[in-house]
Amino acid sequence: MEAVLQGKGLLSFPPNPKTRSLLPSHGLKQRILSTNSRNLSGFSLSSNGFQRFQGFESKTPSFSLKQRVSLICRAEAAAAAADSDGLSTFGETENPKFLGMEVETLKKIIPLGLMFFCILFNYTILRDTKDVLVVTAKGSSAEIIPFLKTWVNLPMAVGFMLLYTKLANALPRQALFYTVIVPFIAFFGAFGFLLYPLSNYIHPQAFADKLLNALGPRFLGPLAIMRIWSFCLFYVMAELWGSVVVSVLFWGFANQITTVDEAKKFYPLFGLGANVALIFSGRTVKYFSNMRKHLGPGVDGWAISLKAMMSIVVGMGLAICFLYWWVNKFASLPTRSKKKKEKVNMGTMESLKFLASSRYIRDLATLVVAYGISINLVEVTWKSKLKAQFPSPNEYSSFMGDFSTATGIVTFVMMLLSQYIFNKYGWGVAANITPTVLLITGVAFFSLILFGGPIAPMLTQFGLTPLLAAVYVGAMQNIFSKSAKYSLFDPCKEMAYIPLDEDTKVKGKAAIDVVCNPLGKSGGALIQQFMILTFGSLANSTPYLGGILLVIVLAWLGAARSLDSQFSALRQEEELEKELERSAVKIPVVSQNDGDNGSLSGRSPLNPTTGDSASSSSETSAPTNA
């Protein structure tokens, strides 16, 4: 489209121009240096200046050489500036911002932070409650935990993964979210108001006692699973809440609606609100634990507090569903690179084979399994010491409330440092911090158990017994390990999923987070069971457990280094694909041949003749390079 430049203060045209026939074009050098008086012709714009002179004849006398040069330069600069403004306006629009951040980004980040707050608030209550239920129940102890994780938790996790894989192929994304989370909310509400009040009627206490007398005390753990089966079901559902709702549903949703740049900036900050939830939920558990002390005799205080806490869990669950609906309704989702694998419906075995064939997924699985084994090697031993120190449910639950609060405070501080670590040192260093912290604190805990006797007199000076010191050091080990996990390990793991195609991302998360997480814990439990049966006691097997811990952490560090190189390569590939897509959009607009629409011409607009061949050649190549 030919556009005529209006000379508003820049070039003055005569009021009554005369039309004439189109004259041959001349080179810029000829026009400027010509000594003959020439008429100023009209001109049409292209995206880099003038195209050809035509259409008008000026009555004004000739311009001097200096005036011609000045006018041409000023007109070309004005046209280029106008064209540049037009291109930038066409290419991008300024998004509205609030407090320096785009409003569309805030529509995603704030609800995600609130969702994470509610999910971890529930998880803290459920985690503390499940330990109190199964460890302090009549006919049970901490020895039930390895058997629960191995023979109950792991099979149910595998079963859920198989079901989730089929549901992911059959249901839309939003329907899949609601289908998974609603049964959890319903179960926890039913447990507080139905299953626990009826536990004396539905638990086979007499039958379990007969089997225990016949089989001996070695079978206390397996028989306790049958004796308190509803408590064990609560334990497994609480564990699955951490694996399914936290890892699969929340992080899967976050990965779908955020970009890598947003993830680097905001993923560590999600934990700030989440650890405020840990602090408040710890205080909630502490409050209800102390409330039971003030109830009259004959009143089941634990049943009353359990109903209150399960009511809170149900309320938080409904809030999670509302926030998920709001984000899908009002927030805009990012566009992923179009050069991705299309989603393929595969059977269960095909999915597992597909995931096992990927080195990237195997390294991610190694990280998750290694964490589960490492933390479990220390945690079960610590909980046995904890029950010995605090045998009553009130004292045990109260200590767990303080433990959760301390975990929240330390993790909050770690979250503040995590963004600096990601920005300063990158993904690889952040991924290596968690195994290093776990190794150091685990060695300290095992050393205290091994050498607690010789240092007992020194501990007495501080008002501590070896047992109480082991409880405190084990608590510190769990606090620092979990804070490193929440602030660094989890963001690193979730960021690693983002460059993957949608099919690998969905099925990979289901396999890794739902199966590999309990597999790691069950693996640690199996190792402990084998060591106890081989060496006679957990104390005798402590040096060997320390050696196994060292091997596991070294394998963890190796997988993190391997994953770091693959993640960096995928990120570079994704950025290149996006850049090529952006270029593919711009090239037709800029390099379009000059027809009737005023686009760039393939030849120099100011130098249409061959008299200025060097300039013409340079300008002709510009669209090609673009």
Side-chain angles (χ1 to χ4, degrees), residues 247 251-252 254-255 258-271 336-337 340-341 354-375 411 414-415 417-440 442 480-502 504-509 511-513 516-517 519-520 549-579:
S247 298
W251 285 115
N255 292 340
T258 56
T259 63
V260 173
D261 292 334
E262 290 173 341
K264 286 183 176 180
K265 186 175 182 181
F266 295 107
Y267 273 19
L269 298 181
F270 285 162
R336 302 296 184 191
S337 174
K340 295 285 186 181
K341 286 185 182 179
F354 167 70
L355 297 174
S357 65
S358 171
R359 178 188 168 199
Y360 196 94
I361 297 297
R362 289 198 307 269
D363 287 338
L364 266 175
T366 301
L367 263 62
V368 176
V369 172
Y371 174 82
I373 293 177
S374 301
I375 195 68
T411 309
M414 287 291 294
M415 288 289 181
L417 298 176
S418 63
Q419 191 172 19
Y420 170 79
I421 294 172
F422 276 110
N423 293 334
K424 179 71 175 178
Y425 301 104
W427 189 94
V429 172
N432 287 324
I433 290 178
T434 303
T436 304
V437 169
L438 198 148
L439 177 64
I440 294 173
F480 285 108
S481 298
K482 291 181 185 298
S483 64
K485 177 183 184 293
Y486 294 145
S487 61
L488 295 172
F489 179 79
D490 284 344
C492 283
K493 181 186 67 174
E494 301 308 326
M495 287 169 61
Y497 286 110
I498 295 179
L500 299 177
D501 61 85
E502 192 66 21
T504 306
K505 189 184 300 181
V506 171
K507 296 181 179 178
K509 281 189 68 61
I512 290 175
D513 295 332
C516 294
N517 189 23
L519 179 62
L549 179 66
L550 177 62
V551 173
I552 295 298
V553 171
L554 291 178
W556 184 352
L557 292 170
R561 285 193 296 270
S562 173
L563 195 59
D564 183 27
S565 61
Q566 296 176 76
F567 176 74
S568 300
L570 281 179
R571 283 286 295 116
Q572 292 174 1
E573 180 183 350
E574 187 177 48
E575 290 299 324
L576 179 60
E577 289 176 357
K578 290 181 179 179
E579 185 63 30

Self-check item: Heavy-atom pair with the smallest gap, counting every atom of S481 and V437
Solution: N-CG1, 4.4 Å
Quiz prompt | Contact summary for A431 and P435, nearest pair of heavy atoms | solution = O-CD, 3.4 Å
Practice problem: Find out whether L488 and M414 are in side-chain contact, i.e. whether some heavy atom of one side chain is under 4.5 Å from a heavy atom of the other. | Solution: yes
Quiz item: CG/L563 to OH/Y360 distance, rounded to the nearest 0.5 angstrom?
Solution: 5.0 Å
Practice problem: Please answer whether the main-chain N or O of S562 pairs with a side-chain N or O of S565 as donor and acceptor at a distance below 3.5 Å. | Solution: yes
Exercise. Calculate, to the nearest 0.5 Å, the distance between atoms OG and CG belonging to S418 and N423 respectively.
Key: 9.0 Å
Quiz item: Rounded to the nearest 0.5 Å, what separation is found between the CG atom of D363 and the CZ atom of R561?
Solution: 11.0 Å
Practice problem: Just say parallel, tilted or perpendicular for the rings of Y420 and Y425, cut-offs at 30° and 60°. | Solution: perpendicular
Practice problem: Identify the two heavy atoms, one from S487 and one from F422, that lie closest to each other, and give their separation to 0.1 Å. | Solution: O-CE1, 4.2 Å
Quiz item: How far does CG of D490 sit from OG of S247, to the nearest 0.5 angstrom?
Solution: 6.5 Å
Quiz item: Side chains of L367 and T434: does their closest heavy-atom pair fall under 4.5 Å?
Solution: no
Practice problem: Determine, using ring centers only, whether W427 and F567 are less than 6.0 Å apart. | Solution: yes
Practice problem: Check whether any side-chain N or O of T366 sits under 3.5 Å from a backbone N or O of W556 as a donor-acceptor pair, and report yes or no. | Solution: no
Practice problem: Verify side-chain contact (heavy atoms from CB on, under 4.5 Å) between L364 and Y497, making sure each step is shown before the conclusion. | Solution: CA-CA 9 Å; L364 266 175; Y497 286 110; 3.8 Å; yes
Quiz item: Any sub-3.5 Å donor-acceptor pair from N255's side-chain atoms to W251's backbone N or O?
Solution: yes
Self-check item: Distance in Å, N432 CG paired with I421 CD1, rounded so as to fall on 0.5 Å steps
Solution: 11.5 Å
Quiz item: If you take all heavy atoms of L549 and G442, which pair is closest and at what distance?
Solution: CD2-CA, 4.2 Å
Quiz item: Can you tell me how far NZ of K485 sits from NZ of K493, rounded to the nearest 0.5 angstrom?
Solution: 5.5 Å
